[in-house]
*Asks:* 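Right, I'll just put the structure down here and ask away after.
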Amino acid sequence: MYIAMNRFTVPTENAQAFEDLWLGRDSHLKQVPGFVEFHMLKGPEADGKVLYASHTIWESEEAFIGWTKSEAFRAAHKDAGTTKKLYDGAPSFEGFAPIQHIAKD
């Protein structure tokens, strides 16, 4: 398993437009080998900003890397340059490989 996250800091006045953008877009993920699941997460609001994180689970880091090099990735991100005005700075990427997994029986 591999978890890929991008964190976005969004001014409060742009929060609804940011959410609408994500909820209305075609991610192209379901067709990608190794994709497991996606979550768009809304975090705390502080100092006029809202924290969001896209959280994607992959079968492996190799599957995630394959996604970033795919035509589906390019299609999903084709308008990324036009939406930067909704959030501050660049998204902050974080990738995680598991060292322990505990699940409910």
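For this chain, numbers begin at 1 and follow the sequence in order.
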*Asks:* Indicate the atoms forming the closest heavy-atom contact of V50 with G43, along with that distance.
*Replies:*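 In this case the closest contact between V50 and G43 is CG1-O, 4.1 Å.
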*Asks:* Out of curiosity, Y2 OH to I65 CD1, how far, rounded to the nearest 0.5 Å?
*Replies:*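 The OH atom of Y2 sits 7.0 Å away from the CD1 atom of I65.
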*Asks:* Would you give the length of the straight line joining atom CG of N14 to atom CG of D20, rounded to the nearest 0.5 angstrom?
*Replies:*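 Result: 11.5 Å between the selected atoms.
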*Asks:* Going from CH2 on W22 to CZ on F8, what distance comes out if it is rounded to the nearest 0.5 angstrom?
*Replies:*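 Spacing of CH2 (W22) from CZ (F8) equals 4.5 Å.
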*Asks:* Run V36 and M1 through side chain to side chain contact (heavy atoms under 4.5 Å, CB included) and show every step you take.
*Replies:* CA-CA 9 Å; V36 176; M1 179 178 72; over 6 Å; no
*Asks:* Between F35 and W67, does the side chain to side chain contact (heavy atoms under 4.5 Å, CB included) criterion hold? Intermediate values first, please.
*Replies:* CA-CA 8 Å; F35 168 74; W67 150 249; over 6 Å; no
*Asks:* Are F93 and Y52 connected into the same hydrophobic cluster when the rule is that any two of I, L, V, M, F, W, Y join if their side-chain heavy atoms are below 4.5 Å apart?
*Replies:*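 The answer is yes; both residues are in one hydrophobic cluster.
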*Asks:* What's the shortest heavy-atom distance between G34 and A63, and which atoms?
*Replies:*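 Closest pair (atom of G34, atom of A63, distance): CA-CB, 3.7 Å.
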*Asks:* Taking M5 as the starting point, is it possible to reach Y87 by hopping between hydrophobic residues whose side chains are less than 4.5 Å apart?
*Replies:*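 The answer is no; the residues belong to distinct hydrophobic clusters.
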*Asks:* What is the minimum heavy-atom distance between P33 and W58, and which atoms define it?
*Replies:*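 Nearest pair, atom of P33 first, then W58: O-CZ3, 4.2 Å.
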*Asks:* Looking at side-chain heavy atoms only, is the closest gap between F96 and H55 below 4.5 Å?
*Replies:*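 A side-chain contact under 4.5 Å is absent here.
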*Asks:* When rounded to the nearest 0.5 angstrom, what is the spacing between CG in L29 and CZ in F73?
*Replies:*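 The distance works out to 10.0 Å.
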*Asks:* Can any side-chain N or O of T56 pair as donor or acceptor with the backbone N or O of F38 at less than 3.5 Å?
*Replies:*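 No; zero donor-acceptor contacts below 3.5 Å.
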*Asks:* As an exercise, state the distance from CZ of R74 to NE2 of H28, rounded to the nearest 0.5 Å.
*Replies:*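 If I round to the nearest 0.5 Å, the distance is 12.0 Å.
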*Asks:* Rounded to the nearest 0.5 Å, how far apart are CD of Q16 and CG of L23?
*Replies:*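 Going from the CD atom of Q16 to the CG atom of L23 covers 8.5 Å.
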*Asks:* If you look at every heavy atom in P11 and L86, which pair is closest and at what distance?
*Replies:*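 Scanning both residues, the minimum pair turns out to be CD-O, 3.4 Å.
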